[in-house]
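Below you'll find the structure, written out as structure tokens, and then a few comments.
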Amino acid sequence: MKDAAPQTVYLRDYKPFGWRIEDVSLAFKLAPEATRVTSRIRFAPNPDAPAQDFFLHGEDVTLLRASIDGAEVTPEITPQGLRCAVPAGAFTWEAEVEIAPASNTALEGLYMSGGMYCTQCEAEGFRKITYYPDRPDVMATFTVRIESDMPVLLSNGNPAGSGDGWAEWHDPWPKPAYLFALVAGDLRNHPDRFTTRSGRDVELNIWVRPGDEGKCAWGMEALKKSMTWDEDVYGREYDLDLFNIVAVDDFNMGAMENKGLNIFNSAAVLASPETATDANFERIESIIAHEYFHNWTGNRITCRDWFQLCLKEGLTVFRDQQFTSDLRSAAVKRIEDVAQLRARQFPEDQGPLSHPVRPESFQEINNFYTATVYEKGAEVIGMLKRLVGDEAYAKALDLYFDRHDGDAATIEDWLQVFEDATGRDLSQFKRWYSQAGTPRLSVDEDWQDGTYTLTFTQVTKPTPGQPDKAPQVIPIAVGLLSPNGDEVVPTRILEMTEGRQSFTFEGLSARPVPSILRGFSAPVVLDREVPAEERAFLLAHDTDPFNRWESSRSLAREALLAMIRDGAAPDMAWIDALGRVLRDDTLDPAFRALMLGLPSQSELAQVLHEKGATPDPDVIYVATEAMADALAQRFEPMLDALAAQARVDAPYAPDAEQSGRRALGGAVLALRSRLDGGAAAKAQFEAADNMTLHLTALTCLIRAGAADLALGVFHDQWQDDRLVMDKWFGLQVAAAGPAEAADVAERLTRHPAFDWKNPNRFRAVLGALAMNHAGFHRKDGAGYRLLADWLIKLDPLNPQTTARMCSAFQTWRRYDSDRQALMKAELERIAARDGLSRDTAEMIGRILS
Ligand code: TRP
Ligand code: ZN
């Protein structure tokens, strides 16, 4: 049950809980409709806390009995929890409650998925399991007994005994309730072992449903690589005798870092060459690493309250990005991450949902697991590392682990560690955590008597609740090239602290060409009118791979804007410059594949909006198609040579080398399919022996309008594989043209295999529609209506996934008045529903505000 009038929680109201917990004992008697949970908790007064009533969170739980020190008590029950008179000193609380996991469709708390029991407690799900102070600053050791006839019974920590129909677990590391986990089911394991560098022998398992055993090997390799990497790079070892991962089909997000018992969306762990693409393999590797890295950044050091979420998420994303760039290609990884940031975080930061990396208030914390907290949070740490240098960063991290191990910490603690380790004053840097919005950086250049001056101006537009912005510290990585293409000044970090600030370079013999914001050294928008020749020069000569890609991107963006706004023809000068890069076979195929990618239609809409124009999704679509056709025609003579360079002769491996080749091959096939009507794609579809080639070919066939047969073949071949069928559903919507996407999605929602209660399947269809820019924004509003219909249907069952998907509407003010009115009407239709969840109500309210 949720509040009728939603309450706002404020960071400034934080106060510690009045008691400490020494140990928690839980006993579960599992039954689908009536699970009994008994808790025994030893509370002692917290000397650091102000006086307060004894209040325990609890939602959707039925209290059967409660006692204090063995004497029965009758607490006052509210929809959010219970209040009870307690003794002045330490006491033992015991309670028995009943819950119904089989009817828990929200996938939060204890629920059932595919016949197994599992839990999801972050952020505030533990209160749906039993009465407890469900807040991250209350940490305790847990002893758990599970009674069930399921063959596999798991919880956090180390096994403490088992017998027929029961098992006990003990977790010696104090942890907050959000890291609690329990799994019970008929599961198979993929076992392995790892010896830590200090000699601890750790048993590793990936647990899956029968039939999925063959899809665990990659996840296990990724886990072992993660364990080694965290020892080598951060000096962090694993701290239990056992590490379990469980795959579940019904899951709201990617995965969860529960202590010693990570629970994964099956899409984020299961893979085989036949069923998963190269992109899936890379994503699985990074999510396994992410969850594993949380063991130190999240679990051993946790968050004081949920406003500090970026303390664990920003840092852990930063760490998983470092891991992937160490294992694969750093240049490619950086380009992918920045493209993601621009696609997901920039629209958030530049629209009604904009919030600081550390928010100051929320109604529903689940709505703040955002690209801003995660990805911008990681960028902020990257900037900190750039500003203090690698050595000081390593020193600060050692101090952080030393000083805060076992703590529930804050952003203030985090920054204090850096101040103490480096002697720097970080008070201005802290604005990155408190100020929302993307700073825009403009540049003036001056050249006089051998002195070159760059003058930067930073401006951040107002965001909800923050009309005035103060200047931020911006590390601007700059290199200078001489007119002949040599680098005359290698990368230097300019540290901008003022609203407007100049930097000079002396002793140059000729006016240089600047390469600014190398490696995307800060999460800002660089507003700089650059002549096309200068961009083409950087595209050819820049030593910084990110900026080389960026030059091409900018040229493509400007060429597309000219086509959209003025009906110009595709810019042949850029296409030819790009052609020279593509032909350079000394360049990584993965990098060349990225160079062939065009800016997304949504990004183009955003840029038009910023320039004061009203984006028309149909016109943007047509221009993008015309540009792709022009690339295909111009590059036709070299497609064979490129395809040859992209060919992989070795047996399939999802490593960076092979994936890069297949990515280039895919880009080439996409161009070729514009010329041959899909003939080459058809051949590849039939010959493919891995999912990457298979799916690339199918995408090309759909776009060429030649996929009717292939879609049927694919369906019949894969109908029993849930993860592959998600691809089958999603691809048809993603690759559909603007006129058809909404109809295709609508038709798929009537397919017998459209299990809409499963978040992966729901997102495959409706999420893909929201991402198909021109299709979603179809002028008659069919896309908006279909999405709203389904969000209304899902909300009563699964508020968390519904609320996340509302963000499809966050850009509504960009568009023309007809589309705005249509989107607004759908948002209001959702908002008017009786019993709308707090999650969705908050999202719609913010989007409309
Ligand atoms: N902490 C998890 C991670 O970043 C994500 C997470 C938060 C989550 N809330 C969740 C996962 C709810 C599943 C459901 O790795
Ligand atoms: Zn995380």
Side-chain angles (χ1 to χ4, degrees), residues 104-111 113 118-129 134-136 156 175-183 219 222-223 226 230 245-269 283-303 305-324 344 357 359 362 364-378 381 758-760 762-763 798-805 837 839:
N104 178 354
T105 57
L107 315 182
E108 194 185 48
L110 178 68
Y111 65 96
S113 171
C118 60
T119 55
Q120 172 55 41
C121 293
E122 188 177 5
E124 299 180 332
F126 190 76
R127 63 189 63 183
K128 294 179 162 187
I129 294 176
D134 187 8
R135 39 187 292 168
N156 315 88
K175 66 167 178 293
Y178 83 86
L179 292 172
F180 169 81
L182 177 154
V183 169
L223 175 59
S226 306
D230 214 15
I245 287 176
V246 181
V248 308
D249 289 338
D250 301 281
F251 208 67
N252 281 332
M253 309 254 266
M256 179 64 211
E257 69 264 24
N258 317 300
K259 184 78 185 191
L261 179 53
N262 288 0
I263 298 182
F264 274 62
N265 187 326
S266 49
V269 54
R283 175 163 178 269
I284 288 167
E285 184 179 82
S286 79
I287 297 182
I288 298 251
H290 179 98
E291 306 311 331
Y292 175 73
F293 296 159
H294 268 314
N295 191 54
W296 275 93
T297 52
N299 302 3
R300 289 286 286 262
I301 305 180
T302 193
C303 303
D305 54 67
W306 292 119
F307 296 103
Q308 322 294 330
L309 183 58
C310 63
L311 181 75
K312 72 177 179 84
E313 295 304 347
L315 178 54
T316 304
V317 171
F318 182 68
R319 276 152 50 71
D320 83 54
Q321 291 175 345
Q322 287 183 297
F323 168 79
T324 301
R344 298 183 346 105
V357 169
F362 60 75
E364 172 50 64
I365 183 58
N366 283 331
N367 290 336
F368 286 85
Y369 286 77
T370 59
T372 297
V373 169
Y374 277 65
E375 272 82 36
K376 188 176 177 184
I381 292 173
N758 175 268
N760 291 359
F762 189 95
R763 279 189 290 254
N798 187 337
Q800 202 179 320
T801 289
T802 307
R804 293 198 134 248
M805 292 186 65
S837 69
D839 312 52

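Along the sequence shown, the residues carry numbers beginning at 1. Just so you know, ligand 1 is whichever comes first in the structure, and atom 1 is the first atom listed for that ligand.
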Within a distance under 4.0 Å of any heavy atom of [X], pick out the atoms of ligand 1 and give their elements.
{"X": "Met256", "result": "1 (N), 2 (C)"}
{"X": "Glu257", "result": "1 (N), 2 (C), 3 (C), 15 (O)"}
{"X": "His290", "result": "3 (C), 4 (O), 15 (O)"}

Could you confirm whether Glu313 has any N/O/S atom lying under 2.8 Å from the Zn ion (ligand 2)?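 Yes, since at least one N, O or S atom of Glu313 sits under 2.8 Å from the Zn ion (ligand 2).
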
Check whether any side-chain heavy atom of [X] lies under 4.5 Å from a side-chain heavy atom of [Y], and answer yes or no.
{"X": "Tyr111", "Y": "Lys128", "value": "no"}
{"X": "Arg135", "Y": "Arg127", "value": "no"}
{"X": "Leu179", "Y": "Glu257", "value": "yes"}

Give a yes-or-no answer on whether the side chains of Asp249 and Ser266 include a donor-acceptor pair shorter than 3.5 Å. yes

For the student: nearest non-hydrogen atoms of Leu261 and Asn156, plus distance: CD2-N, 4.3 Å

Tell me which protein heavy atom sits closest to [atom], plus the residue, atom name and distance to 0.1 Å.
{"atom": "atom 7 (C) of ligand 1", "answer": "Tyr369 CE2, 3.2 Å"}
{"atom": "atom 4 (O) of ligand 1", "answer": "Tyr374 OH, 2.6 Å"}
{"atom": "atom 15 (O) of ligand 1", "answer": "Glu291 OE2, 2.6 Å"}
{"atom": "atom 1 (N) of ligand 1", "answer": "Glu122 OE1, 2.5 Å"}
{"atom": "atom 6 (C) of ligand 1", "answer": "Met253 CE, 3.5 Å"}

Vertex the Zn ion (ligand 2), rays to NE2 in His294 and NE2 in His290 - rounded to 10°: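 Nearest ten degrees: 100°.
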
Check for me whether the distance between the ring centres of Phe362 and Phe307 falls short of 6.0 Å. yes

Where the closest heavy atom to atom 10 (C) of ligand 1 is concerned, which of Lys312, Gln120, His294 has it?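 Minimum heavy-atom distance to atom 10 (C) of ligand 1 goes to Gln120.
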
Verify side chain to side chain contact (heavy atoms under 4.5 Å, CB included) between Phe251 and Phe264, making sure each step is shown before the conclusion. CA-CA 8 Å; Phe251 208 67; Phe264 274 62; over 6 Å; no

